[in-house]
Amino acid sequence: MAEENELRYDPATIEPKWQQRWAADPTMYAAEPVTCGKPKYYVLEMLPYPSGQLHMGHVRNYSIGDALARHMWMRGYNVLHPMGWDAFGLPAENAALKNNTPPREWTLSNITAMKRQMERLGLGYDWATEVTTCLPEYYRWNQWFFLRMYEKGLVYRKKSKVNWCPECATVLANEQVVDGCCWRHETTLVEQRDLVQWFFRITAYAQELLDGLDKLDGWPEKVRTMQRNWIGRSEGTEVDFFLAEQGAGDKEQRSDRTRIRVFTTRVDTIFGATSVQLAPQHALVAAFTAADAKLKTQVDELIEQQKKAREAGDLGAIEKHGVATGHFAVNPYNGQRVPIWVANYILADYGTGAIMSVPAHDERDFEFATKYGLEIRRVIQPVEQGEGSESLPFLSEDGVLVNSGEYDGLSCEEAQKRLQQVAASGGFGEAKVIFRLKDWGVSRQRYWGTPIPMIHCEKDGLVQVPDEQLPVLLPPQIEITQQGGSPLGRVPEFVNTTCPKCGGPARRETDTMDTFVDSSWYFYRYTDAKNSSAPYDPAKAQYWFPIDQYIGGVEHAILHLIYSRFWTKVMRDLGLIMNDEPARRLFTQGMVIKDGSKMSKSKGNVISPDDMIASYGADATRMYALFAAPPDRDLDWQEDGVAGVSRFLGRVWRLATKYAPLARTGRGQSIKAPKGLSLKLLRKLHQTIAKITQDFEGRWHFNTCVAAIMELVNDMQAADAQLAAGDVPAPVMLELLRSLVLLLAPFAPYLAAELWEELGEEGSVLHAAWPKSDPELAKEDELEIPVQINGKLVTVICVAADASSKEIEALALGEEKVQLRATGKTVVKVIVVPGKLVNLVVR
RNA sequence: GCGAAAGUGGCGGAAUUGGCAGACGCACCAGACUUAGGAUCUGGCGGAGCAAUCCAUGGGGGUUCGAGUCCCCCCUUUCGCACCA
């Protein structure tokens, strides 16, 4: 029995042994000083929220990052591979409510548990640079940045309609509203409330955020497209229509008139404007309805329709309704009076919340005008009359103006320029670029977040907390309740303070910051995590940045990844870094699914990493996560597959332990002109090295890397009888096993460490040099190449690797099967692709 | 509706530049060893056929000596955007 156990791969023994040894050396995964002279490599996985449990998505994410980090270590790079915790946020407060545990305790104990899981997985992080965002030593720098940004005019406060999630009892950023619902509560409709809020002026960087995307060629096109859409740049013109008051005629002074500013991308069609459409929430509508109860009812109906559509998550499909206000507006270009309508398809928060309606040249306006019988006036004629060019709406900008007074005959493009100039000189409009991107609302009426470091003084107004008073600490003892308003507002010791300017009594700001502030710059902190006098040393950040490879889920394509790009640009403008972008390359891994759908508690299809590790070990679990699918695709978790990888690791273990004694005796001897089995296996080895090395450099198809290692092991195992008979000399065996272990090291670090020791190697496999493929050895001397007739496979011939086309052709034509098929026919053409195939065209 | 990605055995997937379709693994079948192991080893495993062969990469067309790969049309799935004026 005991003897049998020895012949068995037992990760439950091997892995904890190494885990203990590694834990005893905390510098094992530490980066070297910036002066070390090695090229640097910063590999980063997105930091997790400390929910208390790693899920398979984490395991996959970190297995990819860890394999890359280990590979780069072995390639001789100075590697920074850190980990931290995105530790502020609502779940801690919910847990506090449920279990009566303070958020801080709950969060910190979750961190301990998850860190243990990570260590059990054997992930190579330098814990000396660990960042925990809920600790004062971190969040004080959120406050510090807030103040610097305030000083630069990048932080401001305004009363505005905000997205309010009744479930979270707090405000949400635009980015956190998904289909009109809360991103955390997918069925909870977000309400609009009027609140005074703090904002970051991300729109100041809108153009740069957009332009930067073109240079981020190491990012997935998908993510760049999503960000482009989100930023939503649009070039056009703002034009003032004037309210034509009843009876006022044209006598009134232009300056006294009420302006209705509209935004349009097609000012060239303005002579075709037959109405002005206002969003139901437009300020002018409020003025109209105040004097018109019937209109008010109708407008309220429109607002209700919009709300319902939002609820259905389908604002785009809303049926267009509108109501005429009875008021009129004057087109500034031709003085024409057009009716003012209110319509449910006009968005209050885009552009000016008002449009000119040109039914002849806009699909939506056409639909609306048709429905309500509004005039449709063509003002653009196609350059070339073609089929369909006469039908309306005519949307192309490839045309010339008609029915447009002095502008007739101009091309659309020319007309746009001219009309913009006219508007500007006439003082009733201007060329304008607008963005869909809105400023980032960061106020949250929650407890578990970074306190905003501002003070309200009756005498001095808004006053910054002086730097030397940072951090503004979260009060430790607080009763978490579900009632609305800022929880900090209920803690008098927190709220009541003195004004730093006048020394008089004052009140602290009680809002906390959105947790996306925390994750916008955490990766800079890793470079200098213990710094207590600055967020980080700019020299260290400059050495490490940009991040060479960032790895995470595509769900952060907008929120986190746009905020951190913004933050990087702000820090650059504060002189704290030199780079424009945080990460050179971004990799978005696919989801881990089970039976075709996302793992979730409600579906009961959640696979626990702990269970997998307990059954098959960390190596098998990690390796399966890399083997089951290419990393950018979704991965269907199949436990039988993990068992298969575990069996494979067992084969490796048995093979290596069986031949390690022989291999050890080969140390120091050189391999001379290998032949026969030695040559065959060495050739396979060097092909495998080349394949895997290449994959790490570009494609990242780790599934085929693992498959390649399996092929190598299968070849060795198939030769077991010959190996046992001593057909392969000791130095060759050493080369084979040593390289096998090195290739395995990024994917199965525990087994690699164990076998490295078994082979009698000194030092850690982590810093052993990655094997180099010898192209001479990898080259086949004989090739099997297919012979086709008219593209159909007929036979396979064996030729020398350096055979000429003529030789190959002769060989192919001499084949019995070929002759049989070719009799009575003419060989029209012979195609020989050296090293690939022969194709005979016969007729 | 617009845009992107994808569609290959019973399953996950491979085929990096147009060149032997199905590597590697799972599941399954047969056998060996032993006999109760989630063990190991050997062999088989897209379909039809005794076979030679033929048919097969969502469907249809095309380019080519040759197409899973390139082009056109269509279908399905997933994701993103969706009255953005």
Side-chain angles (χ1 to χ4, degrees), chain A residues 4 7-9 179 220-223 225-226 228-230 232-234 236 262-266 269 277 279 306 309 313-320 343-347 349-358 362-365 367-368 434-436 554-555 557-558 590-591 596 615-616 624 627-630 632-648 650-651 654 691 694-695 698-699 701 703-711 713-714 717-718 720 784-796 828-831 833 835-842:
Chain A
E4 252 187 86
L7 292 171
R8 213 157 147 186
Y9 164 61
D179 290 338
E221 192 51 51
K222 179 185 169 136
V223 171
T225 305
M226 284 167 74
R228 275 190 201 103
N229 289 341
W230 187 262
R233 183 180 195 274
S234 193
V262 303
F263 175 78
T264 176
T265 54
R266 292 296 305 278
T269 65
Q277 302 285 343
Q306 281 189 341
D314 209 4
L315 200 59
I318 189 171
E319 198 192 331
K320 292 178 181 52
N344 64 357
Y345 71 99
I346 308 303
L347 305 173
D349 57 357
Y350 184 76
T352 58
I355 65 152
M356 64 176 199
S357 177
V358 185
D362 182 281
E363 225 161 343
R364 296 151 300 176
D365 295 345
E367 187 189 335
F368 190 85
I434 63 168
F435 294 93
R436 214 186 71 129
V554 75
E555 65 273 18
I558 303 290
M591 275 195 307
S615 303
Y616 306 102
Y624 175 74
F627 176 61
D632 53 338
R633 280 218 243 157
D634 285 353
L635 181 158
D636 198 272
W637 195 271
Q638 297 185 0
E639 188 168 339
D640 285 335
V642 190
V645 171
S646 170
R647 278 197 291 272
F648 164 69
R651 285 202 296 277
R654 280 192 302 276
K691 192 246 173 305
Q694 210 185 342
D695 240 311
R699 219 169 54 132
H701 279 197
N703 54 329
T704 61
C705 291
V706 175
I709 299 176
M710 287 174 171
E711 283 188 52
V713 171
N714 288 350
Q717 209 185 353
D720 189 48
E784 283 193 340
I785 67 172
V787 180
Q788 299 178 337
I789 290 182
N790 295 339
K792 301 252 179 207
L793 181 69
V794 173
T795 186
V796 175
V828 182
K829 198 172 170 188
V830 181
I831 291 141
V833 186
K836 289 283 187 190
L837 63 28
V838 181
N839 190 17
L840 308 173
V841 185
V842 302

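Please read all numbers here as calculations on a predicted model, not as lab measurements. Proteins come first, then strands; the chains are lettered A, B, ... in the order of their sequence lines, and each starts at number 1. Computed over heavy atoms, backbone and side chain alike; hydrogens, waters and symmetry mates excluded.
- Glycosidic conformation, B/G22: anti, with the torsion outside 90° of 0.
- The side chain of A/R654 contributes an N or O atom lying less than 4.0 Å from OP1 or OP2 of B/C41.
- Across A/N839 and A/N790, no two heavy atoms sit closer than the pair OD1-N, 3.4 Å.
- Distances shorter than 4.0 Å separate some side-chain N or O of A/S234 from OP1 or OP2 on B/A85.
- When the P atom is used for both B/G58 and B/U76, the distance is 16 Å, rounded to whole Å.
- The side chain of A/R699 contributes no N or O atom lying less than 4.0 Å from OP1 or OP2 of B/U17.
- Nucleotides B/A39 and B/C55 place their C1' atoms 41 Å apart, quoted to the nearest Å.
- OP1 or OP2 of B/A82 has at least one side-chain nitrogen or oxygen of A/R436 nearer than 4.0 Å.
- A/Y345 carries A/K320 over the face of its six-membered ring, with the cationic atom under 6.0 Å from the centre and within 45° of the normal.
- Distances shown here put a side-chain N or O of A/K792 below 4.0 Å from the OP1 or OP2 atom of B/C55.
- Among the atoms of the strands shown, only primed sugar atoms or phosphate atoms (P, OP1, OP2) are found under 4.0 Å from some heavy atom of A/G644.
- Base contact: A/V833 has a heavy atom under 4.0 Å from a base atom.
- Across all strands shown, nothing is found opposite B/A82 as a Watson-Crick or G-U wobble partner with both distances under 3.5 Å.
- Here A/E784 lies in heavy-atom contact (under 4.0 Å) with a base.
- Residue A/D636 is out of contact with every strand shown, counting any heavy-atom pair closer than 4.0 Å.
- Residue A/D695 is classed as having no contact, given no heavy-atom separation below 4.0 Å to the nucleic acid.
- Both A/Y345 and A/A707 sit near RNA chain B, but only A/A707 has its closest nucleotide nearer the 5' end.
- If you check every strand for non-hydrogen atoms under 4.0 Å, A/Q717 touches sugar and phosphate atoms only.
- Across all strands shown, B/C54 pairs with B/G47; the Watson-Crick or G-U wobble distances both stay below 3.5 Å.
- Look at A/N229 and you won't find any side-chain N or O under 4.0 angstrom from OP1 or OP2 of B/G80.
- B/G7: Watson-Crick or G-U partner is B/C75, with both key distances under 3.5 Å.
- Judged by distance alone, the side chain of A/D365 and the main-chain N or O of A/S357 form no donor-acceptor pair under 3.5 Å.
- Using a 4.0 Å heavy-atom cutoff across all strands shown, A/Y624 reaches no nucleic acid atom at all.
- Pairing for B/U17 is absent, judged as Watson-Crick or G-U wobble with the two contacts each under 3.5 Å.
- Nucleotide B/G68 is matched to nothing when pairs are restricted to Watson-Crick or G-U wobble geometry with both distances under 3.5 angstrom.
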Under 3.5 Å, sequence neighbours excluded: what are the donor-acceptor pairs made by side chains of residues 634-647 of chain A?
{"unit_1": "A/D634", "atom_1": "OD1", "unit_2": "A/M591", "atom_2": "N", "d": "2.8"}
{"unit_1": "A/D636", "atom_1": "OD2", "unit_2": "A/D595", "atom_2": "N", "d": "3.3"}
{"unit_1": "A/D636", "atom_1": "OD2", "unit_2": "A/G596", "atom_2": "N", "d": "3.0"}
{"unit_1": "A/E639", "atom_1": "OE2", "unit_2": "A/Y616", "atom_2": "OH", "d": "3.0"}

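- Contact annotation for A/E367: no contact, since no heavy-atom pair falls under 4.0 Å across all strands.
- Among the heavy atoms of the strands, none lies under 4.0 Å from A/L635.
- For the pair A/I709 and A/F648, the tightest heavy-atom approach, listed with the atom from each and the gap, is CG2-CZ, 3.8 Å.
- When both distances must be under 3.5 Å, the Watson-Crick or G-U wobble mate of B/A30 is B/U42.
- Within 4.0 Å of A/A643, counting heavy atoms only, lies no atom of the nucleic acid at all.
- Shown here, B/A36 forms no base pair; nothing in the strands shown gives a Watson-Crick or G-U wobble contact with both key distances under 3.5 Å.
- Looking at heavy-atom distances under 4.0 Å, A/D365 makes no contact with the nucleic acid at all.
- Between the side chain of A/Q306 and the main chain of A/N344, a donor-acceptor pair closer than 3.5 Å is present.
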